[in-house]
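A short worksheet on the structure shown next.
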Amino acid sequence: MNKALRKAVIAGNWKMNKTPAEAAELVSAIKPLVADADCEVVVCVPYVDLQYVVESCKGTNIHVGAENVHWEESGAFTGEISAPMLTAMGVEYVVIGHSERRTYFGETDDTVQMRVRAALNAGLKPILCVGETLEQREKDITFETIAIQTKIALSGVSEEELDSIIIAYEPVWAIGTGKTATDEQANEVNHFIRGLIADLYSKEAADKFVVQYGGSMNAGNAAGLLAKEDIDGGLIGGASLKPADFAEIVKAASK
Ligand code: 13P
């Protein structure tokens, strides 16, 4: 099975939660619970928490990510953070194109592509988020939506660079709603994304490419989702703030 070629990646996306002091508490609770994980464990945290979390995760199996990145290396962009700033802090991953960025902060497919480029140039690993809204699903344009988002975001990315990228399929209607895509719905879109990678690059690239699912993934439903052939991990929101639940998902991915 091709799934064996891929190491699952479970990434927490803390979103706009946790002060540095609260982050310290959360990360120290998570550390021992995931220490024997047989999958990649990542926590993507607010910028203000990065310094502490990076320091605190040194020498552990937890990798650290940011939740966004600007496309320029430096300049007059008040309030923004660049990729070289993140790598200088020891950050390894970055979430790009999350639907909350697209919905509330005017993120477009083009700016997502620019951010992916900047992240790769700096040596960061993008966790690229794609997903359809409820309206798009109801209009039966889920696959078209995913194809457009994926193709634009990956334009200019070489097959070699693809090794540093993960795609997270996050149906917008399943985020923070408690409404999870069924195992089959999630796997169907993940399979479609893998097909896109095969078309754009090669079958070899697609076979080893990690495609996560995200959207109300929790301790109860993770095992079912992660057992699917094309679901190679998860991008976890709410449940990543609960150490026992996050650890349970990591355990499900380690089987
Ligand atoms: P929830 O797990 O809270 O639904 O959030 C998913 C998500 O948006 C992760 O990026």
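Every number for a ligand or one of its atoms is a count from 1 in the order of the listing. Values reported hereafter were calculated over all heavy atoms of this structure, with side chains retained and with hydrogens, waters and symmetry mates removed.
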Does Gly214 have a non-hydrogen atom less than 4.0 Å from ligand 1? no
With a heavy-atom distance limit of 4.0 Å, tell me whether Ile175 approaches ligand 1 through its side chain, its backbone, both, or neither. both
For ligand 1, note which part of Ala174 has a heavy atom under 4.0 Å away: side chain, backbone, both or neither. backbone
Close N or O approach ([X], ligand 1; < 3.5 Å):
{"X": "Ile236", "answer": "no"}
{"X": "Gly237", "answer": "yes"}
{"X": "Gly176", "answer": "yes"}
{"X": "Glu170", "answer": "yes"}
{"X": "Thr177", "answer": "no"}

With a cut-off of 4.0 Å, which atoms of ligand 1 are near a heavy atom of [X]?
{"X": "Ser216", "answer": "1 (P), 2 (O), 4 (O)"}
{"X": "His98", "answer": "7 (C), 8 (O), 9 (C), 10 (O)"}
{"X": "Gly215", "answer": "4 (O), 6 (C)"}

Please report the shortest heavy-atom distance between Pro46 and Lys18, naming the atom on each side. CG-O, 4.4 Å
Starting from atom 3 (O) of ligand 1, find the nearest protein heavy-atom neighbour and note its residue, name and distance. Gly238 N, 2.8 Å
If you have a sec, work out which protein heavy atom is nearest atom 5 (O) of ligand 1 and how many Å separate them, to one decimal? Lys15 NZ, 3.1 Å
Checking side-chain polar atoms at under 3.5 Å, does Glu170 have a donor or acceptor matched by the opposite partner on His98? yes
Hey, mind stepping through Glu160 and Tyr201 against side chain to side chain donor-acceptor pair (under 3.5 Å) and telling me if it holds? CA-CA 10 Å; Glu160 198 186 338; Tyr201 298 93; over 6 Å; no
Do NZ/NE/NH1/NH2 and the carboxylate oxygens of [X] and [Y] come within less than 4.0 Å?
{"X": "Lys139", "Y": "Glu135", "value": "yes"}
{"X": "Asp230", "Y": "Arg194", "value": "yes"}
{"X": "Glu188", "Y": "Lys228", "value": "no"}
{"X": "Lys151", "Y": "Asp109", "value": "no"}

Donor-acceptor contact present, side-chain Asn121 to main-chain Ala83, <3.5 Å: no
Glu144, CD: over 12 other non-hydrogen atoms inside 6.0 angstrom: yes
